[in-house]
Protein chains: 2
Amino acid sequence: MTVSYTYNRVDRVSAESREKVLQAAAELGYAGPDPAARSLRYGNTRTLGVILGEHLTYAFDNPQAVTFLAGIAEVCADRGYGMLIVPIAGGAEDSLRVSEVAVDAFIIWTTTDDDPVLDAVSGSGRPAVIHGGPVRAGFKLVSIDNRAAAFAMGMKTFAGAHRPAILSFPLDSSRKTVLAAGIDPDTVRFPVTRQRLLGYRDAIEALGLDWNDVVVGATATNNEGEARSLAETMFALEQPIDAIAAMSDDLALGVLDAATSAQLTVPETLSVSGWDNSRASALHQLSSVAQNLRAQGALAARLALGEEPGLAPDDWSVVVRASTGEPATQRTEHGNTPIRRMGANREPFVRSDGLS
Amino acid sequence: MTVSYTYNRVDRVSAESREKVLQAAAELGYAGPDPAARSLRYGNTRTLGVILGEHLTYAFDNPQAVTFLAGIAEVCADRGYGMLIVPIAGGAEDSLRVSEVAVDAFIIWTTTDDDPVLDAVSGSGRPAVIHGGPVRAGFKLVSIDNRAAAFAMGMKTFAGAHRPAILSFPLDSSRKTVLAAGIDPDTVRFPVTRQRLLGYRDAIEALGLDWNDVVVGATATNNEGEARSLAETMFALEQPIDAIAAMSDDLALGVLDAATSAQLTVPETLSVSGWDNSRASALHQLSSVAQNLRAQGALAARLALGEEPGLAPDDWSVVVRASTGEPATQRTEHGNTPIRRMGANREPFVRSDGLS
DNA sequence: CTGTTAGCGCTTTCAG
DNA sequence: CTGAAAGCGCTAACAG
């Protein structure tokens, strides 16, 4: 039939025939080429698959993940690619769903080292870009150097402290709330969390403190309320905590709230820092690690599409505000770590090995 | 080949053959059935298409849209459906993209009455659910009664005011910033915005005020900073504004900020209300219209999947806090409007006609 | 400019 | 339990 040409090669069909075809289509209720048949024929789907954590719906509650998604969406909208959110629900059927999804490539929001979904992605044979970690053969990685950033922020947060503590994301998939000292970072299966713990430990040791004395509180979710109650527990310890580095601004805000209730002055009796430089962190004069998750999302999308982006998005920086005792609005740039260099000749913001 | 059975009807193939097939697959690098071919054969894709406003990336910056998405995601994760975000970029090619996308049904985040994307969805012949509006033959609608809710909140916000004003979403797709009196709501092409303006006008008239005196400020984006500067202009008018109903909490927070700078006391000299009952609205004692966008997202997804949900999500309510001059934390339930009744026999939270 | 043919990879009869 | 054949709807290549 000429009908295919009518829809695809407008120039290779006479206006007359074209009109006839369109008319017939209208009568028959034909809605144009079927996309599924098309992608079978073409061998591609013009769709990117996005895999969001252990359960899809957690991700939408997480402003960082949403920002990352916005970056992917930007590139997809520009290139005309669909963005297919894969229905991950934390069950055994997740792997099946990954292999049953019609996409050209995958983008994965950071997950545990041993998430079976990663095997399913490998098994699908399609290109994959992972954000944050874990590092995997065949997967491209988009990530800041979380360890270096945590180290830099740890140095600010813990400077002068005697009883430092860390407020962490969950340490394993059980997501149990934990409060303990001397946690071994290497036992943590979430690579981003692990790298940050390692970075904080680096700072503790650089400051001459003992890691085994450092209390780590891990919340079940990235939730301000939970952070507040953990902080309250920390303030009630025999030797009360005097510095807390939190892995998100939400957690840090919970700490600030608890500090207000406990009438602790920040930063004099308590130094606090967060992560991701949210609007709220600026509002509350909270020192925070800044990174451009939107740019990272866009980068991940470009890599997934097989583009070779020459320009890297900004790397991380430490934004120092009043909560860690330095003059407000001072901004210290970092990122010239051994792993990722800034400046004219900086390396591309991509790694496919070794970070973990 | 027996290979298909290996993957689909595990019971109809001997363990031995199955093993052989799997082994061969591994050697040949066969990654399992191709999803595109599968959906061609099955005639369905197990994927829901989501269309987000005039440009995809705006939506991710809009916490309300994100909450709605979370609701869709919840249902998709549960049912094993993919959630395909259609790459809408505000150009002529958007319609093409809609028809080229392999999905079983569409969910549309509210857009203008005449958005051509809607025609493309109609033309695709696939089921569609629209959130907020516009109302269209063949599309299911999930929406609160924005007019009734705006009326109820208008009555609280404008009570006792002499110079009321409204802070609105854009009035047309040009998204120009506007500040004018006596706007005719019926000229506004965004149905949600139109309904809310109509509701506020109903309140103005019920309070014996003149709509032609009511200043309407429309921001280009849902942005606190822009709201602040519009509010500042309003405060500098010959007869300064003494009540502002805003269509989002973000806008209302900008007003509160401007009020603080202008040393206006809230609610004594300025009454303010917002919309969507965000965390920040509670924090700042801002009266706000509450609706459960997450439940609406979930409902939209169930409808798109052809389910007939018996239970409707909660309807809207007016949450009165200190910013409109009533005792804090008092909560007035509404929703028993002519259009959508609450209570034991309430109508399903779905309409497919007439709201606009 | 138009019509025919083959085949993308799969699953589902239907026979063996 | 396994094999063969047909066809989902499309498009690229080739002939007319």
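Proteins get letters first, then strands, A, B, ... in listed order; numbering begins at 1 in each. For clarity, every value in this text was computed on a predicted model and none was experimentally measured.
For residues 66-76 of chain B, every residue pair satisfying the salt bridge (charged side-chain N to carboxylate O under 4.0 Å, His left out) rule, not counting sequence neighbours, is listed here: B:E74-B:R294.
For A:F169, the CZ atom is densely surrounded, since the number of other residues' heavy atoms within 6.0 Å is greater than 12.
Between B:S17 and the phosphate of D:dT2, there is a side-chain N or O to OP1/OP2 separation shorter than 4.0 Å. A sub-4.0 Å separation between OP1 or OP2 of D:dT2 and a side-chain N or O of B:S14 is present.
Between A:A73 and B:F60 the shortest heavy-atom distance is CB-CE1, 3.6 Å.
Atom-to-atom distance recorded for B:T67:OG1 and B:N292:CG is 9.0 Å, nearest 0.5 angstrom. Atom CG of A:L299 sits about 12.0 Å away from atom CG of A:L293, to the nearest 0.5 Å. A distance of 12.5 Å separates OG1 in A:T110 from CD1 in A:I51, rounded to the nearest 0.5 Å.
Applying a 4.0 Å cut-off to non-hydrogen atoms, the residues of residues 38-48 of chain B that approach DNA chain D are B:L40, B:R41, listed by residue number.
Comparing the axis of the opening five pairs of the helix from C:dC1-D:dG16 to C:dG16-D:dC1 with that of the closing five pairs yields an angle of 40°, rounded to 10°.
Ring geometry for B:H131 against B:W109 counts as parallel: the plane angle stays under 30°, on a 0 to 90° scale with 60° as the upper cut.
B:D113 places no side-chain N or O within 3.5 Å of a backbone atom of B:P134 that could act as its donor or acceptor partner.
Comparing B:E16 and A:P33 against DNA chain D, the residue whose closest nucleotide sits nearer the 5' end is B:E16.
The distance from atom CG of B:D34 to atom P of D:dC8 is 18 Å, rounded to the nearest whole Å.
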